[in-house]
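What follows is a set of notes on a single structure, which appears directly below.
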Amino acid sequence: MAARFNPLEADAHWQKVWEDRGVFHASDSSAKPRSYVLEMFPYPSGRIHMGHVRNYTMGDVLARYRRMTGFEVLHPMGWDAFGMPAENAAIQNKVHPGRWTWSNIDTMRAQLKRLGFALDWSRELATCDPSYYGHEQALFLDLFDAGLVYRKQSEVNWDPVDMTVLANEQVIDGRGWRSGALVERRKLSQWFLKITDFADELLDGLGELDQWPDKVRLMQENWIGKSRGLRFRFRLEAPLPPPLPGGEGPGVGIAEGDAAAAAEGSLRSPPTPAPSLPGRGIDSFDVFTTRPDTIFGASFAAIAPDHPIALALAEHDAGLAEFVAECRKGGTTAAELETAEKKGFDTGLKVHHPLDAAWKLPLFVANFVLMDYGTGAIFGCPAHDQRDLEFARRYGLPVTRVVAASPEEAAEPIGDEAYTGPGRLVNSGDLDGLTAEEGNRAVIARAEAEGWGEGTVVWRLRDWGVSRQRYWGTPIPIVHCEACGPVPVPRDRLPVVLPDDVSFDQPGNPLDRHPTWTKVDCPSCGGPGRRETDTLDTFVDSSWYFIRFASQPKDRPFDRAEAERWLPVGQYIGGVEHAILHLLYARFWTRALRRIGRLDIEEPFKGLFTQGMVTHETYRGADGQWLAPDEVEQKDGGWIAIATGEPVGVGRPQAMSKSKRNGIDPEPIVDQYGADAVRWFMLSDSPPERDLAWNEDGIEGAWRFIQRVWRLASEEGGHQGSSWLGGEDDKALRRKLHQTIAAVGSNIEALAFNKAVANIYELANAIEKAAPSAARGEAVETLVRLVAPMAPHLAEQAWAALAKEGLVAEADWPKADPALLVEDEVTIAVQVNGKLRDTLTAPKGAPKEALEEMALASEKVGRILEGKAPRKVIVVPDRLVNVVA
RNA sequence: GCCCCCGUGGCGGAACUGGUAGACGCGCUCGACUCAAAAUCGAGUUCCCAAAAGGAGUGCCGGUUCGAUUCCGGCCGGGGGCACCA
């Protein structure tokens, strides 16, 4: 028997055994209950990092535990393989994005395998493979046929030097990241998915997701952003003249999609910008408010700089045109908005107050009104809205209080702070005396009765723009035909495969300038057509991969019955950075498939867990340059740079990143300590939802524990059948064992891995202290099963050393004996006035009177009472006695 | 600005529905084994007082309670999300 556990031999050996025996294949025909455990699939960036190791270790523990507790487990792995980094690599290293991606996948697959994850590799997929994205194209067309896809003009970030579209993260301080040129906004015709059609269900559905973190549900709720209020019409004192011949000028065009949106009704955002009959000029416009109760406090109306009325007016008004141009220039960073002044341009026009036609309000164009929220127009109530107040003060507009917390306050003027608290209406005609809530209802009822407005709901959520002007993504399966417009590619001609012969020596999307790929006959009329060269947002790829994992027929995206047997994912684990977009899009996609009758699943992820990051200290030399952890060492209590010997500044642990050079490559660590020690460290100490600070001491500690378990098991194995088994029964150890079984199980189910690890440490400590006995033998064997989900290679090796049948990966999880979970003696705390003074031991369930008597007999209690009788004695059975002196 | 979360030893962190604060790990100290070191094992480790007895103690101030890390109110500090959202 080897003295030490040798992970290099054991890891490779057991990984091969698992693979040869197909232990982790998920059977579609199993009679066992099913469990689908999934971690967010990785982007093949090059190499596995510690964040991956932590994420996949957590999922692996759960998957292995579920298998041992009798489930048929689906635990798959794949690659989120489309995206910009591949194109950047293509530009920088002159390597094709596909070759770069596939080679990364090979590297990372091998790295993952070395960690011994219990994955069903037979279901591996990569989103950049036509066998995946072809099915995605089919699903896209299904949504297209169902009317859930549309096309409209939308703004993009345009780099005028590189002649290319930039993603938001490529715009740094308003300039292109590569060219440094000032980024412009350009309108392009782009594809959108109607996620706003699902806003209500996506919001309501959050209520059912009780196994999601509250934080994530809240973030999604805020993102969807439902606001109830009143949408009403302001009539202009005099209608605007009809548009000039030649129609809408540059930038005034109404988006293609807006007409469709308007036709569907007014309860969706974005709503119709301005209701005006063509050729008759604009005589009114709509505003939205969540505070209809404050309508008598109105002192102005304001529209967004991009509002059709503002644009129309600007054509004849150079001053306004200049103001509009200035508003467009303004930055949108948090700091700029914080300090940005509320500025407006008085159009000179007046609107009629809806409740009093004689009351006229000035109409401003204001920089703080946004075209893409609500109707792009507001009424200003300075007394009860801080922004409106600042605006009114600046332009000398009246400020009338219409809500007062108390009758005395009604006459008090508004100072520098708008009043947004509760109260009753004042200065509001026949609404006076109503609460704000009653006022809201009354005004909405009146608007609806008189026909000038209606109660409505406005959403913050926008439709999902899925067009990307990029090569390395799923081609959108559409052909543009001059005669027929956009025409779907027929299903039997899918997949539309990306051409391989592209070059990145010119800026822009290489698909646009591909000589042959773009040329295709119109599927509808046979005339000349041009392929859509936009590709799909990579979030589309990750919106259904969990379905494809569950079922992957060759000829269609998935088999409904097969997928429904596995779905929803029981436990989904990943980073909190995906709390909004990925998770919302996947929820939407699943619901969209349900609406079109493809899959009857409401929510894709029943349980969600967001794990913390892996962090490391940062090091900075005297010259301010970042230093990597292997470039520094500790000396005489301080840190120095190995190369120069100069002192180094140490920064607090931060997320591992290339820019700060504080990353630790997992592979050399696995080489040195083996997979189990790395896995064990990932699970120890830090609660999984919090950040984990990587450090050398931690991995050393994990290594020591792996060796301790090995020692226990190999010694026990060596003595089996000998006199060791003939010792006295060890009731205390047996009890500890069964308490540990229960605790570890419930802690793994709760994903509280750090607590499960602590439970196991306690058991190992108890075993080491125990004398040989049958109970000790049972404890060691059970310990091996308890560590199996976390340190699987060690567990297999130990299982073999104990001469047990089969694989521990396929063994049953131990069962806790309920009779052994309760103690028969308990320690009772004895307090005087709530302060601990003594403890005593009593049989479990001892009557209150007995405990009180024992406590009062305590010498320490007697000394404090000094012979006086206690005022009161509180007894909590099996817990404590508190003597109140 | 709005919303949310978190503050416990030198460090990571435990503590069930209010009931012995500091489990477990790391680090450190002392000891055993060793010529020595590594590895391993044993003891100790919240702070104050030389020790004992005792006292203080879960960011700060106050409240409820026989009893508060836990509940309530107000501050301070850290982190996150959204953001000129009407």
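Chain identifiers are assigned alphabetically (A, B, ...) following the order of the sequence lines, protein sequences preceding nucleic acid strands; residue numbering begins at 1 within each chain.
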Can you find a donor-acceptor pair, distance only, under 3.5 Å between [X] side chain and [N] base?
{"X": "A/Asn882", "N": "B/C66", "result": "yes"}
{"X": "A/Arg704", "N": "B/C26", "result": "no"}
{"X": "A/Lys342", "N": "B/C84", "result": "yes"}

Watson-Crick or G-U wobble partner for [N], using a 3.5 Å limit on both distances?
{"N": "B/G31", "answer": "B/C41"}
{"N": "B/C82", "answer": "B/G1"}
{"N": "B/A68", "answer": "none"}
{"N": "B/G77", "answer": "B/C6"}

Requested in this report: Could you tell me whether the side chain of A/Tyr673 and the main chain of A/Ile699 form a donor-acceptor pair under 3.5 Å?
Outcome: no
Query - Distance below 4.0 Å between A/Asn759 side-chain N/O and B/C24 OP1 or OP2 - result: no
Query raised in the report: What nucleic acid atoms does A/Val369 come within less than 4.0 Å of, heavy atoms only: base, sugar-phosphate, or nothing?
Result: base
Requested in this report: Identify whether any heavy atom of A/Gln831 sits under 4.0 Å from a base atom; if not, whether one sits that close to sugar-phosphate; answer base, sugar-phosphate or nothing.
Outcome: base
Report task. Sticking with atom P, work out how far B/U69 lies from B/A15, rounded to a whole angstrom. Result -> 16 Å
Report summary line: Judged by whether its glycosidic angle lies within 90° of 0, B/G79 is anti
Query raised in the report: Parallel, tilted or perpendicular for A/Phe234 and A/Phe232, by the 30°/60° rule?
Result: perpendicular
Requested in this report: May I ask you to decide whether A/Arg394 forms a salt bridge with A/Glu390, counting only side-chain N to carboxylate O separations under 4.0 Å?
Outcome: no
